[in-house]
Structures are given as C-alpha cells and as structure tokens.
K.L.:
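This is the structure, below, for whatever I ask next.
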Amino acid sequence: MAAPLRVLVTGAAGQIGYSLVHQIAKGDVFGPDQSLIMVLLDIPPMQAVLEGVAMELDDCALPLLKEVIPCTNEAEAFKDIDAAWLVGAMPRKEGMERKDLLAANVKIFKSQGASLHNAKPTCKVIVVGNPANTNALICSKYAAPHIPARNISAMTRLDHNRALAQVALRTKTQSKDVKNVIIWGNHSATQYPDVRHAKIQIGGEEKAVEAVINDEAYLHGEFISVIQKRGAAIIGKRKLSSAMSAAKASCDHIRDWFRGTKPGEWVSMAVPSDGSYGIPEGVVYSFPVTIENKEWKVVQGLSIDDFSRGKMDATLKELQGERDEALAACQ
Ligand code: NAX
C-alpha cells in the first residue's frame, strides 16, 4: 500500500464535517488502496466535540485509516498535508450584516492561507466555507509562494450535482445518465447553471439535454432559479443547511482532482481564471474543467450565446465586488 496521505478537514466539529470525515476515511476519495492520516481542525471551544468525532471515526474501524488527529492549533494542523478541505467558517448570525460576515471570514482564510506554508508544495485545497470563491481568493493571496494559486479551489460541485439531479428528475432518468452541465461563476444566487452543452443517455442513445427537455422557458427560468435557490430551499425544510450533499460533492471534487475526470466528461470547479471565456485572470470563477495527472484545464471553445454571456457577466460582477470588499477587509 502507498505511503499514507495526510489530509486536513477544518470545521470538522461542524455539520458538514460530521458527514465528510467518514466519506474520506472509508476510501471514497483517494481509493481503496490509499491509507490516510486524518487531521481534524476546529476552534478551541469545539475541542470536546472534535474529540467526540475523532472517537467515532476510530470506532468505525476503517481499514484505510492509520491515525486520526483532532487539533485546535492551526499551524500544526497544516503541517505536511497533501490535501485540505477548508470547511470551517463563521456562520451568519442574526442581525449580522453581509460585510461583517465577509470580514470575519476573510480573517480566517487569510490566516489559513498563511498556514499553508507548512503544507506540501503539491497540496490541493478545496474551500467549502462561504463565501467560498472569495475565501479561496484570499487564501491563495496569503499562501506561501511554494503553493501555486492553481492548487487552491472553491466548491461549486454541489451546484453541479444539483443541476445533474434536476435534469434527471425532469427527464425521468438518473443523475448518472447526465453529463457536462456547467456551473459558471460564483457559488451564490448569481451562479449560472448551463445545460447548453450537456448530454443525456436516454432510450439507448446519447442526446443533447436541450433537445430532450425542449423547453427554453423552463431552462432559462425555473431550472436556473431552482439550482440557485436549492440551498435556501433545503434550509427551509431541514432548518439546517445542506451537509450530506455538500460533503459528498466535496469528495467528488477532490476525488476527480487526484484521480482524473472520465473521458469525454467535464466537471464544474471554481479556480483562478486563466483568462478563458473573457473572465479576467485571477478571479476565482467556476468553469467546466477536465483533470488529468492532478492538473485541471478549463474546457476551451464552448460557444457562448448572448443569454449565457449576460448571466456569466452578472456573476463575475458580483465576484469582483466581493473581492474588492474582501481585500479592503484585509487591510
Ligand atoms: P457548521 O457551523 O455546522 O460548522 C462549521 C464549523 O467550523 C464549526 O464547528 C466551527 O467551530 C468551525 N470553525 C469556525 N471557524 C473556524 C476556524 N477558524 N478554523 C477551524 N474551524 C472553524 O457549518 P457547516 O454546515 O458545516 O458549513 C460550513 C461552511 O460550508 C459554511 O460556511 C457554509 O456556508 C458552507 N457551505 C458551502 C457550500 C458550497 O457549496 N460551497 C454548501 C454547503 C455549505 O452551506
């Protein structure tokens, strides 16, 4: 068996953490032959909860799990890690202004970016904590130079999976039959879920999702808003935010980063723009990407119609506004 990978999950005492650590530890991400050392970080007031999670993880008696390290010291937690799930963030409290939330989170991700100087240079990072794209941008701005910006990403895979699921529900197929949906932009209500290039396996043939659904009003209207508002709809029902599906999506994201995307398929991932599709360089923007040898590449050459361009620009504008506010809060 290969040498163990050292994996960090921040916010491990929280809701997503509780679903996530087990999924990672049982091999869903790095495969059935990869042993793991799992470092679970949370803030000092959560020490006891964190220890409880670590005890349960031990009690799962998982063959791949060599060691579980509950930790409340950030610098120690980042030492020699191969992968990091940055889930821990300040939740929005009643009466809190958006800019106060942003400022609180900017501080966390500035500090965690700096702590990445302890990580391996090949370390791959997914930021889940919101506002995820902007937190990833801040994290990479303060990361040590040995960690390339392209190693720090944010999660829009949950939105991607939600789009697969909505297409499947509408067409009475399964998510596995649908591929190549795209989430463009920010993980927020301005994101643009796009099925213009998506394909579906139906009746023994591969067809264009647009042709099968054949309802532009739905695809330009309800479909987009259902995905954009899915998180809020789940909070409305569960009185808690999406945790199981968020944990699963984050595992899909890192699994594909380490093990590659399937031939002919792409996934959505928020990464620092390389200028593709006219998105200014550096902005952490969700694109369709393919992954090979642990390197992502933005899918090139997709046609963009006027409707899409309008949506892509609107979510970009929001991201640029968030970035400016976040950078001001870093001063
Ligand atoms: P919880 O509030 O249940 O857990 C967050 C945990 O993070 C807590 O245990 C808290 O003590 C810890 N934490 C806070 N500051 C920390 C720090 N500096 N270092 C380490 N740990 C710290 O939230 P949960 O439901 O688990 O959600 C976590 C984050 O994911 C939130 O920001 C949430 O908005 C975000 N989400 C992002 C999604 C995405 O698609 N990108 C979807 C799901 C989720 O809403």
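Numbering starts at 1 and runs along the sequence shown. Both ligands and their constituent atoms are indexed starting at 1 by order of listing.
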K.L.:
Nearest to atom 28 (C) of ligand 1, what protein heavy atom do you find, and at what distance?
P.N.:
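The answer is V87 O, 3.4 Å.
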K.L.:
For atom 11 (O) of ligand 1, which candidate among D42, I235, I183 holds the nearest heavy atom?
P.N.:
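Closest candidate by heavy-atom distance is D42.
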K.L.:
Cationic tip of R259 within the cone over F30's six-membered ring, i.e. under 6.0 Å and within 45° of the normal?
P.N.:
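No cation-pi geometry.
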K.L.:
Just checking K120: does its NZ atom have more than 12 heavy atoms from other residues, nucleotides or ligands closer to it than 6.0 angstrom?
P.N.:
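Result for NZ/K120: enclosed.
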K.L.:
Under a 4.0 Å heavy-atom limit, does M155 contact ligand 1 with its side chain, its backbone, both, or neither?
P.N.:
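For M155, backbone and side-chain atoms both sit under 4.0 Å from ligand 1.
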K.L.:
Below 4.0 angstrom from a heavy atom of G14, which ligand 1 atoms are there? Numbered from 1 as shown, please.
P.N.:
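Close to G14: 3 (O), 4 (O), 9 (O).
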K.L.:
Of the protein's non-hydrogen atoms, which lies at the shortest distance from atom 14 (C) of ligand 1, and what is that distance?
P.N.:
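Looking only at protein heavy atoms, the one closest to atom 14 (C) of ligand 1 is A89 O, 3.6 Å.
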K.L.:
Between F287 and W266, does the ring centroid distance fall short of 6.0 Å?
P.N.:
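So the answer is no for these two rings.
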K.L.:
Against heavy atoms of S241, which atoms of ligand 1 measure under 4.0 Å?
P.N.:
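Here the atoms of ligand 1 in question are 25 (O).
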K.L.:
Do you know the tightest heavy-atom contact between G275 and E281?
P.N.:
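Heavy atoms only, the tightest pair is N-CG, 3.7 Å.
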K.L.:
Using a strict 4.0 Å cut-off to heavy atoms of I108, name the atoms of ligand 1 that fall inside it.
P.N.:
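Those of ligand 1 that fall under 4.0 Å from I108 are 15 (N), 18 (N).
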K.L.:
Give the intermediate values and the outcome of salt bridge (Lys or Arg N to Asp or Glu O under 4.0 Å) for residues D305 and R196.
P.N.:
CA-CA 9 Å; D305 62 5; R196 288 184 59 250; 3.1 Å; yes
K.L.:
Under the side-chain contact (heavy atoms from CB on, under 4.5 Å) criterion, do Q112 and E74 qualify, and how do the steps go?
P.N.:
CA-CA 7 Å; Q112 294 187 349; E74 190 178 287; 3.4 Å; yes
K.L.:
Could you list which atoms of ligand 1 come closer than 4.0 Å to a heavy atom of S242?
P.N.:
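The atoms of ligand 1 under 4.0 Å from a heavy atom of S242 are 43 (C).
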K.L.:
What are the atoms of ligand 1, with element, lying closer than 4.0 Å to any heavy atom of G11?
P.N.:
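Going through ligand 1 atom by atom, the ones under 4.0 Å from G11 are 6 (C), 7 (O), 12 (C), 20 (C), 21 (N).
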